[in-house]
Amino acid sequence: MEAYFYFDLAPEHRLFHFMGNPAETRHIVMANNEAVISPPWSTHFGSGTSNYGFIWGMAGENLVYTDMDPAPVAQLK
């Protein structure tokens, strides 16, 4: 499980938190001072209409990151 807290985003701007299977992504529209939880099997990345800050937190003892399956950008849909 990973959690993201987004901040320093002006009230008129938004960011998009993407998650899900690389071949079938979904997005959540986020505003300033909002958080989202991503499951461990999911892709997770963000894109905003302006600059923003975020805090990333991870649960568990995944210190080696051997469970990552990189997805080439061209596979994202």
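Atoms considered below: every heavy atom in the structure, side chains included; atoms not considered: hydrogens, waters and symmetry mates.
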Tell me which donor-acceptor pairs under 3.5 Å the side chains of residues 20-31 have, and how far apart each pair is, sequence neighbours excluded?
residue, atom, partner, partner atom, Å
Asn21, OD1, Ala23, N, 2.8
Thr25, OG1, Lys77, O, 2.6

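The distance from the CD atom of Glu34 to the CZ atom of Phe5 is 9.0 Å, given to the nearest 0.5 Å. Considering CG of Leu15 and CG of Asn32, their distance stands at 9.0 Å, rounded to 0.5 Å.
Ring geometry for Tyr4 against Tyr6 counts as parallel: the plane angle stays under 30°, on a 0 to 90° scale with 60° as the upper cut.
Side-chain atoms of Asn33 and Phe7, non-hydrogen and from C-beta on, do get closer than 4.5 Å to each other.
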Inset, instruction - Applying side-chain contact (heavy atoms from CB on, under 4.5 Å), run through Ser50 and Glu12 and close with a yes or a no. - result: CA-CA 10 Å; Ser50 179; Glu12 67 274 14; over 6 Å; no
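Not counting sequence neighbours, the partners of Pro39 by the side-chain contact (heavy atoms from CB on, under 4.5 Å) test are Met19, Trp41, Ser42. Partners of Thr49 under the side-chain hydrogen bond (donor to acceptor under 3.5 Å, both in side chains) rule, at least two apart in sequence or in another chain, are His13.
The number of heavy atoms from other shown groups lying within 6.0 Å of CZ (Phe54) does not exceed 12.
The minimum heavy-atom distance linking Phe18 with Ser47 is given by the pair CE1-CB, 4.2 Å.
With Ile37 as the fixed residue, the side-chain contact (heavy atoms from CB on, under 4.5 Å) test singles out one of Glu2, Met1, His44: Met1.
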